[in-house]
Amino acid sequence: MFGNRGRESPDRRVRRTRRAIRQALVDLILIKGYEAVTVTDLINRADVGRSTFYAHFADKEEVLFSSLDELGELLRLVPATRSGPLLSFSLPLFEHLHEQRRLARALLGRRGGAVVRLRGEQIMAAVVRDELMAALPSEIPPPASLDMIVTCVTGAFMALMRRWADGELVATPAEMDAAFRAVVIPGLDAILTAHRGSP
């Protein structure tokens, strides 16, 4: 009974190891950029064995995707009800990224590289598409221009986040959210209103 007191549960150990490897990736992206990071760099920085690394991740891309997918899960949790404002994820995401500035700079800033940007855009586009589909009447098909609309909204949000993460824009999360919503929401409202009224 007393021998178990200091032992960590396997689940907790797994979470701690995965968190250390993900943190190592963030640190290394900020130091040398994503493209230059190797699995050996991650192993050394996280202070884990090679077999331990591969027990948790197939490669550095999987480490990256697990970090980005966590952000994606946060985005999907925000609109718990569809009665709230359209794109209600924006302010909570800006607030989260403000609290996690190093993570934001690594994953969304210029040092993240093309793979990071592409994955981030895919996650954001899926969330935006889900929000727009939920805002449209289910009895009529979505507008033919849905893909273009999703691309526009995603592009605006990602560009704003990227410049903010890199320190090119200085603003509070509320100011970032207000700027995004002032530009995007009127256009979306007009599109959705016109589509709802279409025969």
Side-chain angles (χ1 to χ4, degrees), residues 14-48 50 52-79 87 89-131 147-171 173 176-177 179-180 183-184:
V14 165
R15 285 195 305 272
R16 187 171 47 81
T17 301
R18 290 177 67 86
R19 188 168 51 245
I21 294 169
R22 283 199 302 262
Q23 183 57 55
L25 179 64
V26 167
D27 294 344
L28 289 164
I29 288 173
L30 293 173
I31 293 167
K32 60 198 297 188
Y34 175 77
E35 305 300 338
V37 176
T38 66
V39 167
T40 300
D41 292 335
L42 287 170
I43 287 167
N44 292 337
R45 184 81 181 194
D47 195 22
V48 297
R50 188 166 291 274
T52 299
F53 176 88
Y54 285 113
H56 294 278
F57 300 102
D59 51 26
K60 73 172 186 176
E61 193 171 88
E62 191 175 329
V63 180
L64 169 70
F65 287 0
S66 75
S67 296
L68 287 169
D69 289 347
E70 273 192 8
L71 279 179
E73 287 306 308
L74 174 76
L75 288 173
R76 291 181 189 284
L77 287 174
V78 172
L87 307 182
F89 63 79
S90 59
L91 180 58
L93 184 57
F94 280 126
E95 289 171 340
H96 178 73
L97 294 175
H98 183 66
E99 290 168 8
Q100 304 286 328
R101 287 190 220 31
R102 293 184 84 253
L103 177 68
R105 205 162 68 248
L107 297 183
L108 302 169
R110 72 175 71 90
R111 298 192 69 88
V115 174
V116 184
R117 276 194 301 277
L118 180 60
R119 182 67 169 198
E121 286 169 5
Q122 289 170 341
I123 291 168
M124 181 61 65
V127 172
V128 169
R129 177 181 292 277
D130 287 350
E131 285 250 338
D147 286 341
M148 279 191 289
I149 297 164
V150 168
T151 300
C152 289
V153 174
T154 301
F157 196 80
M158 294 300 291
L160 202 54
M161 281 202 305
R162 196 170 299 123
R163 292 197 61 200
W164 192 47
D166 278 335
E168 295 171 20
L169 295 174
V170 178
M176 294 294 289
D177 181 60
F180 170 70
V183 171
V184 170

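Not measured: the values here are computed from a predicted model.
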Practice task
Compute the centroid of each ring, for Phe65 and then for Phe57, and state whether the two points are separated by less than 6.0 Å.
Solution key: no

Completion exercise
Separation between CG (Leu169) and CZ (Arg162), nearest 0.5 Å, reads 12.0 Å

Handout entry: Residue pair Ile29 / Val37: nearest heavy atoms and the distance that separates them
Key = N-CG2, 4.1 Å

Handout entry: Side-chain donor/acceptor of Arg18 to backbone N/O of His56, under 3.5 Å
Key = yes

Handout entry: Ser66 side chain to Val63 backbone, donor-acceptor under 3.5 Å
Key = yes

Completion exercise
Output for pair (Ile21 CD1, Arg16 CZ), nearest 0.5 Å, gives 11.0 Å

Exercise for the section: Among Arg111, Arg45, Arg105, Lys32, find the one that has a salt bridge (Lys or Arg N to Asp or Glu O under 4.0 Å) with Asp27. Expected result: Arg45

Exercise for the section: Find the distance between CD (Glu62) and CG (Leu25) and round it off to the nearest 0.5 Å. Expected result: 12.0 Å

Problem - Evaluation steps, side chain to side chain contact (heavy atoms under 4.5 Å, CB included), between Val39 and Arg50 - result: CA-CA 9 Å; Val39 167; Arg50 188 166 291 274; 4.1 Å; yes

Exercise for the section: For the pair Val115 and Leu118, evaluate side chain to side chain contact (heavy atoms under 4.5 Å, CB included) and give the outcome as yes or no after the intermediate values. Expected result: CA-CA 5 Å; Val115 174; Leu118 180 60; 5.9 Å; no

Exercise for the section: Quick one: do Trp164 and Leu97 satisfy side chain to side chain contact (heavy atoms under 4.5 Å, CB included)? Show the steps, please. Expected result: CA-CA 10 Å; Trp164 192 47; Leu97 294 175; 4.2 Å; yes

Exercise for the section: Give the ring-plane orientation class for Phe180 versus Phe89, where under 30° counts as parallel, over 60° as perpendicular and anything between as tilted. Expected result: tilted

Practice task
List the steps, then state whether side chain to side chain contact (heavy atoms under 4.5 Å, CB included) holds for Val26 with Gln23.
Solution key: CA-CA 5 Å; Val26 167; Gln23 183 57 55; 4.1 Å; yes

Handout entry: Check: Leu42 main-chain N/O paired with Lys60 side-chain donor or acceptor under 3.5 Å
Key = no

Exercise for the section: Give a yes or no answer on whether the side chain of Asp59 reaches the backbone of Glu61 with a donor-acceptor pair at less than 3.5 Å. Expected result: yes

Practice task
Working to the nearest 0.5 Å, report the span between CZ of Arg110 and CG of Asp166.
Solution key: 4.0 Å

